[in-house]
Amino acid sequence: MNEKVRDLLNQQINKEFYSAYLYLDFSNYFEEVGLDGFANWYMIQAQEERDHAMLFYTYLQNEDQKVTLDAIAKPDKEFSCHMDVLKAGLEHEKYVTSLINDIYAAAYDVKDFRTMQFLDWFVKEQGEEETNANDLITKMELFGTDPKSLYMLNQELGARVYTAPSLVL
């Protein structure tokens with residue numbers, strides 16, 4: 001495997017674990033303000049990110065590549081309202097999309113088709129993640145100022161259950 005591709009894949013493991021920390025922080029925010037459905041939604045997001053990290057980890061191991069684990073940074077954002085959290089989530093998903101695209105481009109440059117195929121699932125997943133984050137913002141804009149509607153949205157998000165990724169390595 002090309003050294004640059006390997007290094008980017010290793011870095012992505014750390015970025016995915018950071019994403020999990022970030023979403024746990026979001027979950028904490030919503031738990032503290034009494035929106036347990038939103039807290040649940042982000043708790044599941046955190047689990048997904050941990051699983052994504054492990055997919056990269058397993059892929060590198062399956063390719064006989066050294067896995068390098070780095071320290072995970074502490075989330076450092078302070079939020080003054082619910083919308084700030086949701087917008088930070090969308091921006092973070094866009095950032096992760098750019099990271100996946102960078103790895104894909106590096107793999108493309110060296111004709112690493114196996115890594116490109118592995119990343120195809122993540123490219124699709126990131127499209128879904130950005131859509132979900134954007135939908136949350138739209139729903140909050142529509143319903144967030146009305147207590148009854150916010151209650152219903154919170155109930156909807158509380159019903160979300162975790163589903164493990166279906167990517168086969």
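Excluded from the calculations below are hydrogen atoms, water molecules and symmetry mates; all remaining heavy atoms, backbone and side chain alike, are included. Note that this is a predicted model, so its numbers are computed, not measured. Residues take their numbers from the sequence shown, with the count starting at 1.
One hydrophobic cluster, built from ILVMFWY side chains closer than 4.5 Å, cannot hold both Leu35 and Tyr151; they sit in different ones. Under the 4.5 Å side-chain heavy-atom criterion for ILVMFWY residues, a single connected hydrophobic cluster contains both Phe122 and Leu8. Put simply, Val33 and Met152 are part of two different groups of oily side chains (I, L, V, M, F, W, Y) that touch within less than 4.5 Å, one to the next. If you chain together hydrophobic residues whose side chains sit under 4.5 Å apart, Ile13 and Ile103 fall into the same group. In the hydrophobic clustering of this structure, Tyr18 does not group with Leu24; members are Ile, Leu, Val, Met, Phe, Trp, Tyr whose side-chain heavy atoms approach within less than 4.5 Å, directly or through other members.
Dense packing is recorded around CD of Glu128, with more than 12 heavy atoms of other residues, nucleotides or ligands lying under 6.0 Å away.
Within the 4.5 Å cutoff, side-chain heavy atoms of Glu129 are placed close to those of His52. You'll find the side chain of Leu136 reaches within 4.5 Å of the side chain of Trp41, heavy atoms only. For the pair Asn40/Leu157, no side-chain contact is recorded, criterion being any heavy-atom separation below 4.5 Å from C-beta on. Taking 4.5 Å as the limit, every side-chain heavy atom of Asp25 sits out of range of all side-chain heavy atoms of Lys77. Using a 4.5 Å heavy-atom threshold, the side chains of Glu49 and Tyr21 count as separate. Using a 4.5 Å heavy-atom cutoff, the side chains of Ile137 and Glu141 are in contact. For the pair His82/Phe30, a side-chain contact is recorded, criterion being any heavy-atom separation below 4.5 Å from C-beta on. Contact annotation: the side chain of Trp121 never approaches that of Gln126 to less than 4.5 Å [non-hydrogen atoms, C-beta and beyond].
Ion pairing between Glu91 and Lys87 fails under the 4.0 Å rule for side-chain N and carboxylate O. Using a 4.0 Å cut-off between a side-chain N of Lys or Arg and a carboxylate O of Asp or Glu, Glu16 and Arg50 do not qualify as a salt bridge. Between Glu156 and Lys139 there is a salt bridge, since a side-chain N of the basic residue sits under 4.0 Å from a carboxylate O of the acidic one. Ion pair Arg160/Glu48 flagged as a salt bridge, since at least one NZ, NE, NH1 or NH2 atom sits closer than 4.0 Å to an Asp/Glu carboxylate oxygen.
Contact record, Arg6 with Gln65: CD-OE1, 3.1 Å, taken as the closest heavy-atom pair. Looking at every heavy atom in both residues, Phe17 comes nearest to Met54 through CZ-SD, 4.0 Å.
Formation of a donor-acceptor pair under 3.5 Å by the Ser27 side chain with backbone atoms of Tyr23 is not found in this model. Remark: the backbone N or O of Thr68 is paired with a side-chain donor or acceptor of Asn10 at under 3.5 angstrom. For Asp112 (side chain) and Val5 (main-chain N/O), no donor-acceptor pair under 3.5 Å exists by modelled atom type. A donor-acceptor pair under 3.5 Å is formed between the side chain of Asn14 and the backbone N or O of Ala71. When atom types are taken as modelled, the side chain of Tyr104 and the backbone of Thr115 share no donor-acceptor pair closer than 3.5 angstrom. Under the 3.5 Å distance criterion, the side-chain polar atoms of Ser149 are left unmatched by any main-chain donor or acceptor of Phe143.
For the side-chain contact (heavy atoms from CB on, under 4.5 Å) criterion with Met140, the lone passing option out of Leu86, Asp135, Thr145 is Leu86.
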Self-check item: Residue pair Asn28, Tyr42: steps toward the side chain to side chain contact (heavy atoms under 4.5 Å, CB included) verdict
Solution: CA-CA 9 Å; Asn28 283 335; Tyr42 279 109; over 6 Å; no
Self-check item: Chi angles and distances behind the side chain to side chain contact (heavy atoms under 4.5 Å, CB included) call for Tyr95, Lys15
Solution: CA-CA 10 Å; Tyr95 169 67; Lys15 299 295 186 183; 3.1 Å; yes
Quiz item: For Glu63 and Leu9, what are the C-alpha separation, side-chain angles and deciding distance, and is it a side chain to side chain contact (heavy atoms under 4.5 Å, CB included)?
Solution: CA-CA 12 Å; Glu63 295 295 310; Leu9 290 166; over 6 Å; no
Practice problem: Determine, stepwise, if the pair Tyr108 / Phe113 fulfils ring-ring contact (aromatic ring centres under 6.0 Å, His included). | Solution: CA-CA 7 Å; Tyr108 178 83; Phe113 300 113; 7.9 Å; no
Quiz item: Under the side chain to side chain contact (heavy atoms under 4.5 Å, CB included) criterion, do Val96 and Gln12 qualify, and how do the steps go?
Solution: CA-CA 9 Å; Val96 172; Gln12 193 62 32; 4.0 Å; yes
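Atom CG of Asp70 sits about 8.0 Å away from atom CD of Gln11, to the nearest 0.5 Å. To the nearest 0.5 angstrom, Met1 atom CE is 5.5 Å from Leu60 atom CG. The CG atom of Asn132 lies 11.0 Å from the CG atom of Leu90; values are rounded to the nearest 0.5 Å. Here the CG atom belonging to Asp120 is positioned 13.0 Å from the CD atom belonging to Glu125, to the nearest 0.5 angstrom. The OG1 atom of Thr163 sits 11.0 Å away from the CD atom of Gln47 when rounded to the nearest 0.5 Å. Taken to the nearest 0.5 Å, the CD atom of Gln155 stands 10.5 Å off from the CG atom of Leu150.
Ring centers of Phe26 and Phe79: under 6.0 Å apart, within the cut-off.
If you check the side chains of Asn154 and Asp36, you find a donor sitting under 3.5 Å from an acceptor.
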